[in-house]
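Remarks on the structure that follows.
Quantities reported herein were computed from a predicted structural model and do not represent experimental measurements.
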Amino acid sequence: MGCGTVALLCYTPRMRVSSALVAAALAAASLSSIRLAQGSPAQHTPTRRAKPAPLDTVPEIIFFNGVIYTGNGLAEDKPETVQAMAIGGGKVLAVGTTEEVTRLACPKTRLRDLNTANTSTFVFPGFNDAHTHLGSAGRTKLNVDLTGVKSLAAMLAGVQTFANGASAGHWLTGGNWDHTLWVDKPLPTRQDLDKVTGGHPTFLDRIDGHISIANSAALAAAGITGKTKAPQGGAIDLDANGEPTGILRESAQELVYKVIPPPSHDERRRGDELAIADALAHGVTSVQDFSDWQDFLVFEELEKEGKLNLRITEWLPFKAPLLDLIRMRNHHDLNDTLLHTGMLKGFMDGSLGSRTAALKEPYSDDPGNTGLPQYSQTELDKMAAERAAFGFQLGFHAIGDKAAAMALDAFEEAEQPQHLTALPQLGPCRPAGQPYEVWDEKIPCSNDSSPPKPPSPLCKLKDGSPCYPVLEGFLPRNRIEHAQVVDPADIPRFAKLGVTASMQPSHLLTDMNWAEDRLGPRRAAYSYAWKAFLDAGVPLAFGTDYPVEPITPFRGLYAAVTRKNEAGTKEYFPENKITRGQALYAYTQGSAYAEFAEKRKGKLVPGYDADFILVDRNLYAVGAPAILYSVVLETFVAGQEAFTGNTDAQ
């Protein structure tokens, strides 16, 4: 339906709806040329396009007199901009010139002038962070947060402050410490923590989550001694006397995690809400997340209360039993575009910072070490094939080149026809109430003894994409998370197998200080190889690995287009930097593609989700250093304001 010329209500940041008529706005709309926000006129000339057709949905709000990037043309660095956008029913209804779109307004349509008082406000599609850990981020915010501490002494001072205020017997958890920021880069020891923790059991993870430090009380609670055997894929560091130093690597961390009392429901919810608010404040409207199952239940609770305003695709643990994975997948409606489960997340190795990433050749600064693979190839292939047969998308954490090769081998094996036709025998259901991990929430378990059947290959989501794309010839869009070090010979295999490289450019801002020491110049030259992937036809999806890195996407954009540190004084193999448009695409449409959502989000065009941000500068045109200081003014999800920042600055 369309509406004729009517008295319209004006929308301003301070007042959702004002009683003033916008005669001035209508007069401005009739001009053949409108004032544009600051920036290059050539960049802001609206693309000629067909006039918006009459609408079936009444516009709830129209943004006009703006510079709105629709997302079209980003990958080709020919971005389309328009002046106006109509929103209704959570979707973009129309885009075009101010004159064209304002004519679609109805009596109750709000109008929002983006160029009030000649301010600089630019509209971009909301960012889709392809790799987060909201639960971990929230719990760190509520516990010992050591993000960015510059020395061991500063770390210990922070721990002591928290310990002094903790109740007797309370576990000190959290962490996010990074010893590579310290002058001598020593790893902390249990004796260091014992001096400041006052007897509180303490377990603090390194910023990458792949090693942690435990004090003596925590080691005792977990029963760890010098004679304790580390589980497969893990290591317990020992001192010269054969006693634990307190450093636990990879799967050995689980020995302590399983004895830590879980947070209460209220604590978990507070943390999750803090992490969600952090994402929205930085212009992130969608996340692809790997948190505990209890966190997913909190997200469900928020959604039922109408308080979830961030789109979340929650990953499931690859290592969990197949029956549990099927039950978890069936637990929540996959057609729910606000919250649903997604791929299976598995870990192939650790991290470069911890020297646990699995490499084909030894570390240059640790010649006897090639890292810690988490699976044998045979075991990995079997598990991947079983899960693929039941329609799961697979996403493997792989930082080292050996880990990436193992992941690719498993993907290739999982796609063999015999695995899709000979379904594994699942066996009986677990005893009711038995969790798949001792610290995790109970997964509903049916008493039906018959094994579940794979989903119908004809199952499709409302946007037309398949529910379970592995089946019946759909490309699986499996993913490798991080892909920081990849053998150049393996890059074409990504493209051949349809594998997405899900990467976090902001990691380079931290890692460039020591990555070449770890890898040597030959391997470093093909690390963080964003351009090499694109040149080979490999899809890129960008994220942050929050809270390993801050959730702001602007550090990632800067790193992707400069490959320089934030001071601009050091550059890391610049041949692999990419263009502004390619980086924005990877952070929006590329991420949407990685989760089978490219038909409904990542662009601001009719029919797409109305997820967008108002930002104080033109992310496409400003100088690269200025990207770092971008300010999100407002964030909208499904056309509803989810975050309001400093609107007085507009």
Side-chain angles (χ1 to χ4, degrees), residues 13-14 16 63 69 112 114 119-142 145 147-148 176 268-289 291 295 298-299 302-303 306-313 338-339 504-506 509 542-559 566 584 587-588 591 601-602 604 609-619 622 626-650:
R14 289 191 181 87
R16 294 297 183 267
F63 294 81
Y69 281 80
R112 174 73 180 275
L114 294 173
T119 56
S120 298
T121 302
F122 299 84
V123 179
F124 284 85
F127 289 99
N128 184 339
D129 193 312
H131 192 120
T132 66
H133 304 275
L134 295 177
S136 174
R139 284 186 285 284
T140 296
K141 290 178 180 296
L142 293 176
D145 189 353
T147 305
N176 259 27
R268 186 181 294 277
R269 175 161 170 158
R270 283 202 305 273
D272 290 341
E273 289 176 326
L274 287 172
I276 289 170
D278 199 11
L280 293 167
H282 289 94
V284 176
T285 55
S286 292
V287 297
Q288 298 166 48
D289 183 64
S291 297
D295 293 301
V298 168
F299 303 150
L302 291 170
E303 183 183 31
K307 297 178 181 178
L308 182 64
N309 49 10
L310 176 70
R311 297 190 193 275
I312 301 175
T313 298
L338 187 61
L339 176 67
Q504 302 74 41
S506 53
L509 300 177
F542 278 172
T544 58
D545 203 7
Y546 176 67
V548 175
E549 299 288 347
I551 201 165
T552 169
F554 305 125
R555 295 176 73 245
L557 289 177
Y558 169 81
E566 288 163 286
L584 286 166
Y587 235 130
T588 52
S591 295
K601 63 182 176 180
L604 298 177
D609 292 338
D611 301 346
F612 56 95
I613 62 171
L614 276 61
V615 65
D616 72 334
R617 65 200 66 198
N618 189 331
L619 300 175
V622 297
I627 297 174
L628 289 168
Y629 306 101
S630 301
V631 176
V632 174
L633 304 172
E634 295 173 69
T635 301
F636 289 78
V637 177
Q640 301 298 311
E641 192 172 69
F643 166 78
T644 303
N646 184 16
T647 54
D648 290 338
Q650 297 184 65

Nearest atoms (heavy-atom pairs only) where A559 meets P505: CB-O, 3.4 Å
Least distance between heavy atoms, F643 atom then L633 atom: CE2-O, 4.1 Å
Check: D272 and F299 side chains under 4.5 Å, non-hydrogen atoms: yes
D289 and T132: side chain donor to acceptor below 3.5 Å: yes
R617 (side chain) donor-acceptor with V622 (main chain) under 3.5 angstrom: no
Pairwise side-chain contact, L302 with R269, heavy-atom cut-off 4.5 Å (strictly under): yes
Reference residue F612; test side chain to side chain contact (heavy atoms under 4.5 Å, CB included); the match among V615, L614, D609: L614
Donor-acceptor under 3.5 Å (N176 side chain, P547 main chain): yes
Contact check, side chains of L628 and R555, non-hydrogen atoms, under 4.5 Å: yes
Distance in Å, I627 CD1 paired with E566 CD, rounded so as to fall on 0.5 Å steps: 12.0 Å
Between CG on residue L338 and CG on residue L308, distance to nearest 0.5 Å: 4.5 Å
Verdict with supporting geometry, K141 and D278, side chain to side chain contact (heavy atoms under 4.5 Å, CB included): CA-CA 11 Å; K141 290 178 180 296; D278 199 11; 3.4 Å; yes
Exercise: identify the closest heavy-atom pair between I613 and G126: CG2-CA, 4.2 Å
N618-Y69 side chain donor-acceptor pair, cut-off 3.5 Å: yes
Approximate separation, where rounding is to 0.5 Å, of T544 OG1 and H282 NE2: 10.5 Å
Evaluation steps, side chain to side chain contact (heavy atoms under 4.5 Å, CB included), between R139 and D295: CA-CA 11 Å; R139 284 186 285 284; D295 293 301; 3.2 Å; yes
Working for side chain to side chain contact (heavy atoms under 4.5 Å, CB included), residues Y546 and L134: CA-CA 7 Å; Y546 176 67; L134 295 177; 4.1 Å; yes
Check: F636 ring centre within less than 6.0 Å of F63 ring centre: yes
Side-chain heavy-atom pair V631, F554 within 4.5 angstrom cut-off: no
Approximate separation, where rounding is to 0.5 Å, of F122 CZ and S630 OG: 10.5 Å
Closest non-hydrogen atom pair between V284 and L310, with its separation: O-CD1, 3.4 Å
Distance in Å, F127 CZ paired with T552 OG1, rounded so as to fall on 0.5 Å steps: 8.0 Å
I312 side, atom CD1; E303 side, atom CD - distance, nearest 0.5 Å: 9.0 Å
Test item: S591 side-chain N/O and F542 main-chain N/O as donor-acceptor pair under 3.5 Å: yes
D611 side-chain N/O to V637 backbone N/O, donor-acceptor pair under 3.5 Å: no
Any donor-acceptor N/O pair, T635 side chain to L280 backbone, under 3.5 Å: yes
Non-hydrogen side-chain atoms of H131 and Q504 separated by less than 4.5 Å: yes
